[in-house]
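Working notes, beginning with the structure itself.
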Amino acid sequence: MAESPETSPRNAAAPTPAIAQRWDVFCRVIDNHGDLGVCLRLARDLAARGQQVRLWCDNLGALTWMQPTAIPGVQALPWEQSENAAPADVVIETFGCEPPAPYLAAMAARCTAPVWINLEYLSAEDYVERSHGLQSPQFSGPGKGLTKWFFYPGFTTRTGGLLREPGLVDQVQTHQDALWLAERGWGREPGERVLSLFAYPQAPWDGLLDALPGRWRLLLCPGAGQQAVPPRLRPGQRHVCLPYLSQADYDRLLWSCDLNLVRGEDSFVRAQWAGQPMLWQIYFQDDGAHSPKLGAFLDRAWEGSDAALRADWLALNRAWNGLAPWEHSARAALDSLPAARGQSCTWRAKLMEQADLVTQLMGFALGKAGVSS
Ligand code: TRH
């Protein structure tokens, strides 16, 4: 990874702390790209603020497209090499991936224990505010004597916030979408709208394509959509199959489209910073836990909006997640894109009221230093 555009002077404007800290971020890739996506974004943001970051991951393959250039201050390293590494000052265990036992033992052996933080998955559900910042003293195992702290991202000021690098929304608002799309051959024809589609295989493709009003250009991100959508296109719809883009370019895609269909966690958050109407296909969970998780987010994001608009967009999100039929209300939502865009911008402004996740995480870590042993 060479220097990436994110570390341009614009983002380097964030105040660099007086004492650069050493951070170890641990990442296990489960089955998609979000685990590494979140960890990469975290590492990049920390480094842009003067921190030294080692990103330990068991599958770094996706970095070739996600981050094809180096980031100053970030080392992406194979998970197994961490077993012989001297622990950093702050250890971020993401999504409960548990660092290797030798590393934990080395943490416990340090005269001043590192701050050990478990960065949890993002949710809008109420339990997040109750759980954020709790501690878990370790009474056994290689980390015996250490304290692990739980850090929950979230959408309210009583959570750890969302990843949002300094200057991001300014960049969104000054982005030249038509030019960016046209330069890549992905632009709109007169009277046509453009959407990005990043979805899981179980998406209800026909329901969506039937619900899209008028003429659309569908920019299909890699994944199931590139096989499922082209043979199903309705009159007035055309598509482009995109390659995997860097995280930076994927952001610009989201900023450029009239509607973004996103999934999982990281693209879901990035679509909210884009301020465009979005549909979220939540990561499916066998126990059905994804349904209340989706509902909790929709309730927050559409709170205070016009009742009919809110009902339509909740119906559309639930239909897109296979949790409700494609009724008139779901289809009506896509006839109200200008109003939905207004709500997206209102929601983004509300989210801007909370401190971003890295600002909070750095403060949290500094506050726990020396407290964790
Ligand atoms: O790939 P995902 O479905 O990842 C999921 C979720 O994170 C989920 O919460 C987690 O439990 C599961 O993995 C294991 O969706 P997500 O979170 O949007 O991650 C995709 C990443 O890939 C994100 O950082 C955006 C990035 N990306 C690019 O950089 N370029 C691209 O072209 C595309 C389509 C995505």
Side-chain angles (χ1 to χ4, degrees), residues 1 4-6 25-45 55 57-69 71 74 76 94-97 118-125 128 152-154 162-165 168 180-181 184 186 195-203 218-227 229 239-257 260-274 278-287 289-290 293-294 296-297 320-321 357:
M1 296 192 301
S4 73
E6 286 74 21
V25 178
F26 284 87
C27 172
R28 278 197 187 280
V29 175
I30 306 293
D31 55 4
N32 291 291
H33 304 304
D35 300 291
L36 181 55
V38 168
C39 292
L40 172 65
R41 200 173 298 285
L42 171 64
R44 184 190 297 120
D45 198 342
L55 171 54
C57 181
D58 61 349
N59 182 349
L60 289 162
L63 287 187
T64 54
W65 48 267
M66 211 181 269
Q67 181 61 51
T69 56
I71 304 173
V74 177
T94 61
F95 315 126
C97 67
N118 186 59
L119 178 65
E120 283 290 343
Y121 284 112
L122 173 62
S123 176
E125 294 162 291
V128 168
Y152 280 78
L162 301 172
L163 284 167
R164 182 185 80 238
E165 62 275 24
L168 172 62
W180 189 86
L181 287 170
R184 288 156 180 80
W186 303 340
L195 68 80
S196 71
L197 194 154
F198 179 42
Y200 297 117
Q202 69 269 29
L218 291 83
L219 303 183
L220 306 177
C221 298
Q226 291 191 345
Q227 286 71 48
V229 169
H239 78 286
V240 180
C241 287
L242 304 186
Y244 272 117
L245 304 174
S246 68
Q247 273 192 336
D249 275 346
Y250 181 62
D251 263 347
R252 284 159 182 78
L253 177 71
L254 296 176
W255 305 349
S256 303
C257 289
N260 291 308
L261 290 91
V262 292
R263 73 186 206 191
E265 178 163 329
D266 191 55
S267 59
F268 161 58
V269 172
R270 302 308 283 186
Q272 292 171 70
W273 297 132
M278 60 173 246
L279 271 181
W280 177 33
Q281 191 184 13
I282 194 167
Y283 184 74
F284 180 83
Q285 291 172 272
D286 293 332
D287 62 1
H290 60 287
K293 184 173 176 179
L294 175 69
F297 169 72
W320 179 236
N321 282 277
L357 187 145

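Counting starts at 1 for both ligands and their atoms, following the listed order. The shown structure was predicted, so the numbers you read here are calculated from the model rather than taken from an experiment.
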Taking Y121 for its side chain and E265 for its backbone only, find out whether a donor-acceptor pair lies under 3.5 Å. no

Just by modelled atom types, is the G264 backbone N or O under 3.5 Å from a matching donor or acceptor in the N32 side chain? no

Considering residues at least two apart in sequence or located in another chain, which fulfil the salt bridge (Lys or Arg N to Asp or Glu O under 4.0 Å) criterion with D35? none

Chain-and-number sorted residues having a heavy-atom contact under 4.0 Å with ligand 1 are I30, D31, N32, H33, G34, D35, G37, W65, M66, Y121, F198, Y200, C221, Y244, L245, S246, Q247, Y250, R263, G264, E265, D266, S267, Y283

Residue set satisfying salt bridge (Lys or Arg N to Asp or Glu O under 4.0 Å) with R164, at least two apart, ordered chain then number -> none

Who passes side chain to side chain contact (heavy atoms under 4.5 Å, CB included) against D31, sequence neighbours left out? Y283

Please determine if R270 and E165 form a salt bridge, counting it only when a charged side-chain N lies under 4.0 Å from a carboxylate O. yes

